[in-house]
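These notes concern the structure reproduced below.
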Amino acid sequence: MKNVIRAIIRQALDQAKDKGTLLLSDYPEIVIEEPKDKNHGDFSTTVAMSMAKTERKSPKVIADAICQQLQSINGNVAEVQTAGPGFINLKMSAGFYLERFLDAARQGDNFGNLEIGRDQKVLLEFVSANPTGPLHVGHGRGAAVGATLAAILKKAGYAVDSEYYINDVGNQMNILGRSTLLRYRELLNESIEFPEDHYKGEYIKDLAQEIIDSHGKEFLDKDDETALPFFKKYSSDAILKGIEKDLSEFRVNYENWFSELSLYDDDSVDKALAWMRDKGFIYDQDGAVWLKSSAFKDDKDRVIIKQSGEKTYFCSDIAYHQNKINRGYHRIINIWGADHHGYVPRMQAVMEALDYDLNNFTTLLVQFVTLIRGGKKVQMSTRSGEFVTLEEVVSEVGVDATRFFFQMRSCDSHLEFDLDLAKKQSSDNPVFYIQYAHARICSVFRTAEEQGLKLPGADDVDLSLLKEEEAMDLVKKMLAFPEVIEKSALTLEGHRVAFYLQELVSLFHSYYKLHRVVTEDQGLSQARLFLLDKIRSIIRNGLSLLGVSSPESM
RNA sequence: GCGCCCGUAGCUCAGCUGGAUAGAGCAACGGACUUCUAAUCCGUAGGUCGGUGGUUCGAGUCCACUCGGGCGUACCA
């Protein structure tokens, strides 16, 4: 829509240049805005002000010159005026909007699909929690943000692959195995000492019990070395399976599950190291092997092989990202918890060393979630293993509310998740407010059907009957949907969709209150049904991006 | 100490990458149900955009400094 306005302004500029009223040695960027104040028209532009210097005229004079041209352009512009320091305000005709609305309606659920990502392959890695315990609410936010971003990018035309990186290597795996083994022995009445740094959650005891149920006392008389591999594998497999189940129930799906272990199995790690060494980014010191990350934006060099000969997590991450690059992605996006932000510069250093354009590599940091119950913070502590799992929240408030609440805020804002509010069935609760609008529209259609009224086709409807200001407000808001998708895709900010839906639905509820849809006047009723059907489609569309269902009745 | 994020109405947060008189939702107060879902709507009130200085026609937005909160600063992952 703004593009259309931009083209009109552009045309006016060209005409002014032809007539010699403006120099236009250099075309300025034409910024189109939607003024908050309705008195300032539907759109406004600041070009006149930004041209003041090069034209050496006052913004007002330039604005007047442009206005003069605009008036002669075509019938779509209903009103033009200059205002303030040099704004040009445009008011478009009702026909302009209705024509575009009809066009949007013809596109059905494809409305809002864009081409901006055409021929662009994007890799989106998110959650990637270690398989050492169930997903907690923080992971849940990452999952919701990632899945929605993937959906938005797809709608914007990108070819997106979602990926989960499984950290199934390293010391943590040993600790996990040992934790389960110790609980196993404990449950079989052996006295044990449970180390401080081991996993203390109840789920470890559950795993131990499962092993007792299936294997009995088989491992009791075996030493650690013999028993551990089994416990390690059993635990991580079971936990990963649980993670997969939690995510799929949370409507979060991946194209790839990528195992860290596989990078060792196929020598990718060694190859990546050899490549780095060959390029001179690696050196040996103090018995360890270092990456020269300080040659890039990182504050210091980082160890990739410890004195003990073990490789660090960072080491396999080099191989992992080389693998990502080799798969030919135009854009690589990682979504991490904010507690990993210190890791960003060194990863950027790796990408730079691998000769990948940093403009195409983004790490989104998702800030923490605080759960609120009864107006008070729910205490969580990873250390004691007492954190609230994603599964617990979902089973308490449902997938819809959880998915929506996680995306009500921009990623880099801390999120307060009010569990009581999420369960509330009233307009206080934004997710219900939106779903209710959808159900309400469906209900209107049921009433219409009882009256023998049918939804007209795009060629049979007379939209000029939609004369009310509220109807035009709705039409304008709907036409902004593609811009919301575009903006969300470009800024990687999914919360915009949540905000947009609230605004759209609020306009609908007002309209509904003021104007009865099913009336004696068949033509008018049909025009209104047509309007509602499109609103319904956008709600359904937007909610599905957010991973929220659209109930037909509530 | 250094680095990243945040600071906007009583609360939770937007603010379209520099535009006009800073917005929304809750909460508060006052209204609206013979009508398609009142699970809703309409109205009122609420602000030194943490602070100081700078950049310019113009700053919540950009820069510097500063105060407060969160997180990070491993040969952990």
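Lettering follows sequence order; numbering is per chain, from 1.
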Spacing of the P atoms in C26(B) and C41(B) (rounded, Å) = 8 Å
Residue Phe87(A), side-chain atoms from C-beta onward, closest of G19(B), C13(B), C71(B) = G19(B)
Contact check, side chains of Asp400(A) and Leu543(A), non-hydrogen atoms, under 4.5 Å = no
query = Within a strict 4.5 Å, meaning less than it, do heavy atoms of the Tyr320(A) and Glu260(A) side chains meet?
reply = no
request  = Write down the distance separating the P atoms in G19(B) and C13(B), rounded off to the nearest Å.
outcome  = 24 Å
task = Could you identify which residues of residues 291-302 of chain A place a heavy atom less than 4.0 Å from some atom of RNA chain B, listed by residue number, or say none?
result = Lys300(A)
key: Listed nucleotide nearest any side-chain atom of Asn89(A), set A77(B), A20(B), C16(B)   = A20(B)
message = Using a strict threshold of under 4.0 Å (side-chain N to carboxylate O), is an ion pair present between Glu470(A) and Lys513(A)?
response = no
ask   = G43(B) and U61(B): how far apart are their P atoms, nearest whole angstrom?
value = 31 Å
query = So, is the end of the Arg536(A) side chain (NZ or CZ) under 6.0 Å from the ring centre of Phe445(A) and within 45° of the ring's axis?
reply = yes
inquiry  = Say we look at G70(B) and U12(B): how far apart would their P atoms be, to the nearest angstrom?
reply    = 15 Å
inquiry  = Let's see if you can work this out: which of C41(B), A14(B), A39(B) has an atom nearest to the side-chain heavy atoms of Tyr433(A)?
reply    = C41(B)
key: Main-chain N/O of His136(A) paired to His139(A) side chain as donor or acceptor, under 3.5 Å   = yes
ring centroid sep under 5.5 Å plus plane angle under 30, His340(A) with A77(B) = yes
task = For His414(A), report the nucleic acid contact type (base, sugar-phosphate, nothing); a contact means any heavy atom under 4.0 Å.
result = sugar-phosphate
ask   = Does Arg496(A) place a side-chain N or O at less than 4.0 Å from the phosphate oxygens OP1/OP2 of G15(B)?
value = yes
Within-4.5 Å side-chain heavy-atom neighbours: Asp270(A) and Lys311(A) = yes
message = Would you measure the distance from the P atom in C42(B) across to the matching atom in C71(B) and give it in whole Å?
response = 41 Å
key: Check: Ser413(A) side chain, A14(B) base, donor-acceptor under 3.5 Å   = no
request  = Indicate, with a heavy-atom threshold strictly under 4.0 Å, whether Asp286(A) touches base, sugar-phosphate, or nothing.
outcome  = base
note = From the candidates C16(B), C75(B), C6(B), the one with an atom nearest any side-chain atom of Lys2(A) is C16(B)
Distance between C1' atoms of G58(B) and A22(B) (Å, rounded) = 15 Å
inquiry  = Less than 4.0 angstrom from a charged side-chain N to a carboxylate O is my criterion; do Glu352(A) and Lys297(A) meet it?
reply    = no
remark   = Scanning all shown strands, the Watson-Crick or wobble mate of C26(B) with both distances under 3.5 Å is G10(B)
ask   = Expressed in whole Å, how much space separates the P atoms belonging to U44(B) and G23(B)?
value = 14 Å
request  = Would you mind telling me which of C13(B), C75(B), C16(B) lies closest to the side-chain atoms of Gln307(A)?
outcome  = C75(B)
ask   = Near RNA chain B, under 4.0 Å by heavy atom, which residues of residues 505-521 of chain A?
value = His509(A), Ser510(A), Tyr512(A), Lys513(A), His515(A), Arg516(A), Val517(A), Val518(A)
Show me the donor-acceptor pairs within less than 3.5 Å that the side chains of residues 475-483 of chain A make with the rest of the protein, sequence neighbours left out.
from: Lys476(A); atom 1: NZ; to: Asp42(A); atom 2: OD1; distance (Å): 3.1
from: Lys477(A); atom 1: NZ; to: Glu503(A); atom 2: OE1; distance (Å): 2.8
from: Glu483(A); atom 1: OE2; to: Met1(A); atom 2: N; distance (Å): 3.1
from: Glu483(A); atom 1: OE2; to: Lys2(A); atom 2: N; distance (Å): 3.2

ask   = What integer number of Å spans the P atoms of U8(B) and U73(B)?
value = 27 Å
task = Could you tell me whether Phe296(A) and Phe281(A) have their ring centroids closer than 6.0 angstrom?
result = yes
message = Suppose we call a contact any N or O donor and acceptor under 3.5 Å apart; does that hold for the side chain of His341(A) and the base of C5(B)?
response = no
request  = Calculate the interatomic distance between Trp336(A) atom CH2 and A77(B) atom C1'; express it in whole Å.
outcome  = 12 Å
